[in-house]
Engineer: 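I have a structure here, written as structure tokens, and I will follow up with some questions on it.
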Amino acid sequence: MSLFDVVVVGGGPAGASAARFASEFGLDTLLVEKRQEIGTPVRCAEGVGKSVEEFIDVDEKFLSKEVVGARIHSPDGTYFDMNDDDAGDEVGYILERKIFDRELVKQAGESGAEIKLRTRATDLSREDGRVKVSLQRNGGVETVESKVVVGADGVESRVGRLAGIPTNLKLDDIQSCAQYLMTGLDDVDLDYTHFFVGNDVAPGGYAWIFPKGDNKANVGLGVSPVMADKKASQHLTDFVDNHPQLNGGKVIEEVYGGVPVTAPLPELTADNIMLIGDAARQVNPVTGGGILNGMRAGKIAAETAKKAIDDGDLTKKGLQPYEEKRQKIAKENKKYYKIKEIFQELDDEQFNSLVNSLEGVNVDELSVTGLVTKIAVKNPWIKDKIKDILAL
Ligand SMILES: Cc1cc2nc3c(=O)[nH]c(=O)nc-3n(C[C@H](O)[C@H](O)[C@H](O)COP(=O)(O)OP(=O)(O)OC[C@H]3O[C@@H](n4cnc5c(N)ncnc54)[C@H](O)[C@@H]3O)c2cc1C
């Protein structure tokens, strides 16, 4: 039976990052991916902040479009702009994820990781301080042994369940998403990513237009299944119908999927096992963006695996550095979860009032305190809610 230092389950951005760094740290690493091809089908609006450059040099082959910032639209049609630096982890570049994900896995392979496609991890069992991983492949099942297993198997993670790490999501903590890739969008300002808030547009979530160049864009939305009175797909049809600038566009691809938008989980480790990315519910609960947090967590998991193997302690205690270092992601997401809860209580008049108070303001010139003051002066009802966020 083959023995690895690290087996990574899942070849998305989180798993590719974990496999790459584990190999760079000299660990004997296997990456398994159940699909026959990395990167397809794409279930993503493909927006990413410029800090992606921490991990990869941005190359034209996987860059669809560079945008200057985010435009936030209220239900009454007013908007304000933020530049890409202030707009978070999803604004800056729009990727071509089919190629981006492949490049990340290529990096892992070039660093020395073994890669097996069409290989599904189906079971885990711990024995003598190691993990036996059952892999379904070519109609048969083979077993490999590993010192550490990294679960990067996405929103439906099986590794978490098999390892006994609680990862269940409340219905309210899943965003139900629908997206079109549209072409022929001559009337949209494609230099910005566009976010549309409002309870008719996308109850409990938001709608987006993420430009992809050549008059194409990902046009989609996420809704809370608890708050929405119709399916995400119907909301999307209505959104397109109600936005004249989209009317001339043609749909050339459709995407449906769920995004975990939950508060940070208390535990992401068990003996020999760590969870990262969507499997670990590390998505930003407001924006639904998870690419960068998954990649960051992948690097931390690889560093932890290296240390645990060097120290000869593969127990949950030996993997504690992962729990400690991933708190940076958790702290941010705790704050965003609170913001999500506040957003979900707002009615359309309140959305209008918030956006109106920033219309025409040069948001980029304001400090966070300046921005908060500006909002609070015109919207006294939100003062206490803002205090709750700042207290976190
Ligand atoms: C509609 C939509 C729009 C989005 N837009 C954005 C956005 O603009 N920006 C952003 O940052 N994020 C966005 N996200 C979220 C983003 O797509 C995810 O956070 C990101 O892909 C998570 O990466 P990951 O590596 O954790 O998981 P994934 O990318 O889901 O990769 C998991 C991989 O594991 C494989 N796998 C699963 N089970 C097994 C198994 N048992 N054995 C082997 N392989 C397995 C899967 O096939 C998959 O390839 C969006 C999500 C949706 C649904």
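We use all heavy atoms of the structure for the numbers below, so side chains are in, but hydrogens, waters and symmetry mates are not. For this chain, numbers begin at 1 and follow the sequence in order. Both counts, for ligands and for their atoms, begin at 1 and track the order of listing.
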Engineer: Is there side-chain contact between Thr304 and Met274, with at least one heavy-atom pair below 4.5 Å?
Structural biologist: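 Touching, per the 4.5 Å side-chain cut-off.
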Engineer: Applying salt bridge (charged side-chain N to carboxylate O under 4.0 Å, His left out), name anything that partners Glu103, two or more places apart in sequence or on another chain.
Structural biologist: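 Scan of Glu103 (salt bridge (charged side-chain N to carboxylate O under 4.0 Å, His left out), adjacent residues dropped) gives Lys61, Lys106.
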Engineer: Is the distance between the ring centroids of Phe196 and Tyr206 less than 6.0 Å?
Structural biologist: no
Engineer: Write out all pairs satisfying salt bridge (charged side-chain N to carboxylate O under 4.0 Å, His left out) with one or both partners inside residues 237-246, taking only residues at least two apart or from two chains.
Structural biologist: Lys230-Asp238
Engineer: Could Arg71 and Asp81 be called an ion pair, given the rule that one side-chain N must be under 4.0 Å from one carboxylate O?
Structural biologist: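 The answer is yes: the pair qualifies as a salt bridge.
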Engineer: What pairs with His243 under side chain to side chain donor-acceptor pair (under 3.5 Å), at least two apart in sequence or on another chain?
Structural biologist: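 Side chain to side chain donor-acceptor pair (under 3.5 Å) list for His243, sorted by chain: empty.
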Engineer: Return the protein residues near ligand 1 (heavy atom under 4.0 Å from any of its atoms), ordered by chain and residue number.
Structural biologist: Val9, Gly10, Gly11, Gly12, Pro13, Ala14, Val32, Glu33, Lys34, Arg35, Arg43, Cys44, Ala45, Glu46, Gly47, Glu90, Arg97, Thr119, Arg120, Ala121, Ala152, Asp153, Gly154, Cys177, Phe210, Val259, Gly277, Asp278, Val283, Gly288, Gly289, Gly290, Ile291
